[in-house]
Engineer: 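Here you go, one structure.
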Amino acid sequence: MLIKKPFAVKPSEITDRSVYMNRRKFMQTTSGFFLAGISSLVTAKTSEQQQGAGLAKLDYQATAAYSTDEEKTPYQHVTQYNNFYEFGTDKYSPAHEAQSLTTRPWSVTVEGEVAKPGTYTLEDILKPHALEERIYRLRCVERWSMVIPWIGFPLADLIKRFEPTSRAKYVEFTTLHRPEEMPGQKRRVLDWPYVEGLRMDEAMHPLTIMAVGLYGEVLPNQNGAPMRLVVPWKYGFKSIKSIVKIRFTEQQPVSAWTRTAPHEYGFYANVNPGVDHPRWSQARERRLGEFLKRKTLLFNGYADEVASLYTGMDLSKNY
Ligand code: MTE
């Protein structure tokens, strides 16, 4: 996200590694005769890639109303190409470094403008909620995207249980801070712990979910176990992982990214092809597993559902 200057970014970081490696292999073995062959080569999938890794299975219902019918990104990309700075700043470290994270017991502290503050165990949190599968796009600010079958429940249903007061205008989320299990936190690449926030109406929007699984199984640690946010119309960094605190506030929260680089990462972070990141264009993106780039859609393709939340706002200023 931050830190690296453009010249320090390797092509293998912008292009998914398997795409990059396949492409090199292709170039080496065929001298590149058929361009069309590239895309079929890189999108070829085995049936195992479409399944989970044998983690605990979840009971859930598929919710077609909110899901895209686009092709799902293979499990191996979803779980091996991650941003989780608590486990390193490159995309491949979280898949192995996060295996040391203990996710049980787990509890979440609820504070601020609510009638029912307290510390809730993960079991308390999950018990009343029926799980749904939502197939959503996730678009990273770094120009890659995926289509992921998340398992979770509407964040609104959880928020209502805590009974926010009329002064609650925003919700702030905080990730676990445990440097002994999260080696990235020993380096000050961010002002730990990772914090993110939403306006109350964004948090209550039916598209916003608390995810506890993907591909039918519990979340792998590297994807934010045991519980993470998914806000599909915002850049991926808003979808905070491994949440331990939810705080309701009257003031707009300051996220970890905004605190570190306010000119690059604003509070809203709505996916917007018309507003460039200061160091790169956001007009296009690479879907992991594909070779050719595609156009980025306003609000990541969810404009019909969410554009009305921002009526009258200048989205180039409120980025
Ligand atoms: N949450 C925490 N706690 N730490 C992080 O570094 N990275 C964010 C977001 N949530 C991040 C985080 C970014 S930049 C992205 S793109 C998504 O997680 C990536 O989610 P994924 O690894 O499940 O694809």
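Residues take their numbers from the sequence shown, with the count starting at 1. Atoms within each ligand, like the ligands themselves, are counted from 1 in listed order. Because only heavy atoms are used, hydrogens play no part in the values below, and waters and symmetry mates are left out as well, while side chains stay in.
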Engineer: Hey, can you tell me if His129 and Phe153 have their rings parallel, tilted or perpendicular (30° and 60° cut-offs)?
Structural biologist: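 Rings of His129 and Phe153: parallel, under 30°.
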Engineer: Which word best sums up how the rings of Phe299 and Tyr310 line up, parallel for under 30°, tilted for 30 to 60°, or perpendicular for over 60°?
Structural biologist: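 Rings of Phe299 and Tyr310: parallel, as their planes differ by under 30°.
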Engineer: Would you say ligand 1 has an N or O under 3.5 Å from any N or O of Trp144?
Structural biologist: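 Min N/O separation from ligand 1 is not below 3.5 Å for Trp144.
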Engineer: Please determine, by modelled atom types, if Thr249 and Glu113 share a side-chain donor-acceptor pair under 3.5 angstrom.
Structural biologist: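 No, because no side-chain N or O of Thr249 sits under 3.5 Å from a partner of the opposite role on Glu113.
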Engineer: For atom 21 (P) of ligand 1, which protein heavy atom lies nearest, and how many Å away is it?
Structural biologist: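 In this structure, atom 21 (P) of ligand 1 has Lys241 NZ, 3.4 Å as its nearest protein heavy atom.
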Engineer: Do any N/O atoms on Ser239 end up under 3.5 angstrom from N/O atoms on ligand 1?
Structural biologist: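 Yes, Ser239 has an N/O under 3.5 Å of an N/O on ligand 1.
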Engineer: Would you say the side chains of Asn221 and Glu97 form a donor-acceptor pair under 3.5 Å?
Structural biologist: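 Absent: no donor and acceptor within the cut-off.
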Engineer: At what distance is the nearest protein heavy atom to atom 16 (S) of ligand 1, and which residue and atom is it?
Structural biologist: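 Answer, as residue, atom name and distance: Cys140 SG, 3.2 Å.
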Engineer: At a non-hydrogen distance cut-off of under 4.0 Å, which region of Phe237 contacts ligand 1 (side chain, backbone, both, or neither)?
Structural biologist: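 Both backbone and side chain.
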Engineer: One residue to check: Glu196. Relative to ligand 1, which of side chain, backbone, both or neither has a non-hydrogen atom less than 4.0 Å away?
Structural biologist: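 Within the 4.0 Å criterion, Glu196 makes no contact with ligand 1.
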Engineer: What atoms in ligand 1 come closer than 4.0 Å to a heavy atom of Asn223?
Structural biologist: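 In order of number, 21 (P), 23 (O).
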Engineer: Specify the protein heavy atom at minimum distance from atom 6 (O) of ligand 1: its residue, its atom name, and the distance to 0.1 Å.
Structural biologist: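 Protein heavy atom at minimum distance: Tyr85 N, 2.7 Å.
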Engineer: Check the angle between the aromatic planes of Phe84 and Phe87 and answer parallel, tilted or perpendicular using the 30° and 60° thresholds.
Structural biologist: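 Phe84 and Phe87: perpendicular rings.
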Engineer: For atom 5 (C) of ligand 1, what is the nearest protein heavy atom, given as residue, atom name and distance?
Structural biologist: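 That would be Tyr194 CE1, 3.3 Å.
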Engineer: Ring centroid separation for Phe248 and Tyr170, is it under 6.0 angstrom?
Structural biologist: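 Between Phe248 and Tyr170, the centre distance exceeds or equals 6.0 Å.
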Engineer: Tell me if a side-chain donor or acceptor on Lys169 pairs with a main-chain N or O of Ser166 at a distance below 3.5 Å.
Structural biologist: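 At least one qualifying donor-acceptor pair exists.
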Engineer: Give the residue and atom name of whichever protein heavy atom lies nearest to atom 9 (C) of ligand 1, and the separation in Å to one decimal.
Structural biologist: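 It is Gly236 O, 3.2 Å.
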Engineer: Check each of Arg228, Met182, Lys91 against atom 20 (O) of ligand 1 and report the one with the nearest heavy atom.
Structural biologist: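 Among Arg228, Met182, Lys91, the closest heavy atom to atom 20 (O) of ligand 1 belongs to Arg228.
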Engineer: If we count only N and O atoms by modelled type, under 3.5 Å, do the side chains of Arg287 and Ser145 hold a donor and an acceptor together?
Structural biologist: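 Looking only at side-chain atoms, Ser145 and Arg287 do form a donor-acceptor pair, the distance falling under 3.5 Å.
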Engineer: With no hydrogens and no angle check, just 3.5 Å: does a side-chain donor-acceptor pair link Gln252 and Arg199?
Structural biologist: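 Checked: Gln252/Arg199 side chains show no N/O donor-acceptor pair below 3.5 Å.
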Engineer: Does ligand 1 have a heavy atom under 4.0 Å from the side chain of Thr175, from its backbone, from both, or from neither?
Structural biologist: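 The answer is the side chain.
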Engineer: Can you report which non-hydrogen protein atom sits closest to atom 4 (N) of ligand 1, along with the distance?
Structural biologist: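 Result for atom 4 (N) of ligand 1: Glu86 OE1, 2.8 Å.
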Engineer: Following the transitive rule for hydrophobic clusters with a side-chain heavy-atom cut-off under 4.5 Å over Ile, Leu, Val, Met, Phe, Trp and Tyr, establish whether Leu55 and Leu122 coincide in one cluster.
Structural biologist: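 Yes, because Leu55 and Leu122 connect within a single hydrophobic cluster, where side-chain heavy atoms sit under 4.5 Å apart.
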Engineer: Going by heavy-atom distance to atom 7 (N) of ligand 1, choose the closest among Leu214, Asn83, Thr89.
Structural biologist: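 Heavy atom nearest to atom 7 (N) of ligand 1 belongs to Asn83.
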Engineer: When only distance counts, is Trp150 in polar contact with ligand 1, meaning an N/O pair under 3.5 Å?
Structural biologist: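 Between Trp150 and ligand 1, no N or O pair is found under 3.5 Å apart.
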